2 protein chains.
Amino acid sequence: MATIPRAGSAFLLAQLGAHAAARFAERVAELDLTPPQTGLLRAVATGPGRSQQELAGYLGMPPSRLVALVDGLAARGLLERRRNPDDRRLHALHPTAEGERMLGRIGEVARAHDDELLAGLDATERETLRELLARVAGQQGLTPGVHPGYRRV
Amino acid sequence: MATIPRAGSAFLLAQLGAHAAARFAERVAELDLTPPQTGLLRAVATGPGRSQQELAGYLGMPPSRLVALVDGLAARGLLERRRNPDDRRLHALHPTAEGERMLGRIGEVARAHDDELLAGLDATERETLRELLARVAGQQGLTPGVHPGYRRV
DNA sequence: TATTGTTATACTCTATAACTATA
DNA sequence: TATAGTTATAGAGTATAACAATA
């Protein structure tokens, strides 16, 4: 029988990443949000006024998919579409005051999520892990704050 | 405008995990395999002779889903179902010699994948990262070698 | 009657591409 | 004719639950 090699760091990352994403999805579900929605809300607040095309490109999804996400958040009053009078084809996206408040709550959820996930590490180890992860993410060309897997709710 | 907090370690883990999983999927696609197939093949080789029910429980998927995965690998001669003469309802799963060879190739792919992903870290840093990730995975109760997200090809 | 494995059904999510309105 | 946004369609992948064989 062939030797079964132990899982490498890449596998550990994929495994822990899926676990972290699933737990986060459970937590934001209590705010009646999906992870892609939180990502979009955050992106809109980070750079208000961008068009849907710009946002879709930034988040790495087809514009048609953004429509449903925007619809959902707009229907709940968390963000709004503002028509550009100079070019009425464009919809500039802005967070509402309610959206800003929701973002604050998402931040609290994210902090609690972080604490739970890293419960096995002390403060120094957490900082070491964070720094190493940020280095790898940067070297791999990942855009800060943009999840490649916003393809699943 | 509310403050946009920087992404925490949990987000970095989810982001890097999705990236790692996507790159791994690209690599094993060259072996004409999907990540769930590699996970099943590995699980079968790790503990040969288990029933499909046992495997499904171990991998955290419904038995009905395992059927299609087993069908695909069996059709390619990578594993085989052996009926238990004492209880003909049971199908014990075993890797074939060809399956063992394929597992070796998957191991090579995984090592190359690891190297590419961690290209930004030196040997000491890689070991530190691995140790921290393994600690977190253990504390979170994750089963070694079992990916919670074998739900997506 | 209970259990293993299988098949059938229905559902969720997605990308592609057709469509509309504006330019 | 080109572009922003929207809608329609179809495809992939999944879980649930019904089913057949065996116990």
Side-chain angles (χ1 to χ4, degrees), chain A residues 18 21-22 25-26 28-29 32-40 43-44 47 49-75 79-94 146-153, chain B residues 18 21-22 25-26 28-29 32-40 43-44 47 49-75 79-94 146-153:
Chain A
E26 287 175 16
V28 294
D32 208 12
L33 290 172
T34 64
Q37 284 179 319
T38 66
L40 171 57
V44 168
R50 285 190 280 185
S51 73
Q52 295 187 192
Q53 296 278 345
E54 282 176 300
L55 259 297
Y58 176 71
L59 295 173
M61 63 177 67
S64 66
R65 190 179 160 208
L66 198 69
V67 172
L69 288 175
V70 172
D71 283 349
L73 295 178
L79 57 78
E80 59 182 9
R81 294 174 164 105
R82 294 190 197 156
R83 274 220 130 102
N84 182 336
D86 296 343
D87 184 342
R88 293 179 42 77
R89 291 175 304 184
L90 294 167
H91 282 170
L93 298 181
H94 293 265
V146 176
H147 194 294
Y150 277 157
R151 286 155 208 158
R152 188 148 192 80
V153 188
Chain B
E26 288 175 16
V28 295
D32 206 15
L33 289 172
T34 63
Q37 284 179 319
T38 67
L40 171 58
V44 169
R50 284 189 282 185
S51 72
Q52 295 187 191
Q53 295 277 347
E54 282 176 303
L55 258 298
Y58 177 72
L59 295 172
M61 62 176 68
S64 66
R65 188 177 162 210
L66 198 70
V67 173
L69 288 175
V70 172
D71 283 349
L73 294 178
L79 57 79
E80 59 182 8
R81 293 175 165 105
R82 293 191 199 154
R83 272 224 132 101
N84 182 338
D86 296 340
D87 185 343
R88 292 178 43 76
R89 292 174 304 184
L90 294 166
H91 282 172
L93 299 181
H94 293 266
V146 176
H147 194 295
Y150 276 156
R151 286 152 208 160
R152 188 152 192 75
V153 189

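In this text, all values refer to a predicted model and were calculated from it rather than measured experimentally. Here is the naming used below: chain letters follow the sequence lines, and residue numbers restart at 1 for every chain.
Distance, Leu69(B) CG to dA15(D) P: 10 Å, rounded to whole Å. Protein atom CG of Leu66(B) is 14 Å distant from nucleotide atom C1' of dA15(D), rounded to whole Å. If you measure from atom CE of Met61(B) to atom P of dT4(C), you get 17 Å, rounded to the nearest angstrom. Taking atom CD of residue Gln52(A) and atom P of nucleotide dG5(D), one finds them 5 Å apart after rounding to whole Å. One interatomic measurement links the two molecules: CG of Leu59(A) to C1' of dA15(C), which rounds to 16 Å at whole-angstrom precision. Atom C1' of nucleotide dT3(D) and atom CD of Glu54(A) are separated by 13 Å, given to the nearest angstrom. Between the P atom of dA23(D) and the CG atom of Leu90(B) lies a distance of 9 Å, rounded to the nearest Å. The distance from atom CZ of Arg83(A) to atom C1' of dT6(D) is 11 Å, rounded to the nearest whole Å.
Counting heavy atoms from C-beta on, the side chains of Pro63(A) and Gln53(A) come closer than 4.5 Å.
The phosphate of dT14(D) (OP1 or OP2) has a side-chain N or O of Arg65(B) nearer than 4.0 angstrom. A sub-4.0 Å separation between OP1 or OP2 of dT6(D) and a side-chain N or O of Arg81(A) is present.
Scanning atom types as modelled, one donor and one acceptor separated by under 3.5 angstrom connect the side chain of Arg89(B) and the base of dT3(C). Remark: the Ser64(B) side chain and the dT14(D) base include no donor-acceptor N/O pair separated by less than 3.5 Å.
Across all non-hydrogen atoms, the minimal contact from Leu59(A) to Ala43(A) is CD2-CB, 4.1 Å.
Toward the 5' end of DNA chain C, the nearer of the two residues Pro85(A) and Pro62(A), judged by each one's closest nucleotide, is Pro62(A).
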Determine, stepwise, if the pair Val44(B) / Arg50(B) fulfils side-chain contact (heavy atoms from CB on, under 4.5 Å). CA-CA 7 Å; Val44(B) 169; Arg50(B) 284 189 282 185; over 6 Å; no

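Using modelled atom types, one side-chain atom of Arg83(B) and one backbone atom of Arg88(B) make a donor-acceptor pair closer than 3.5 Å.
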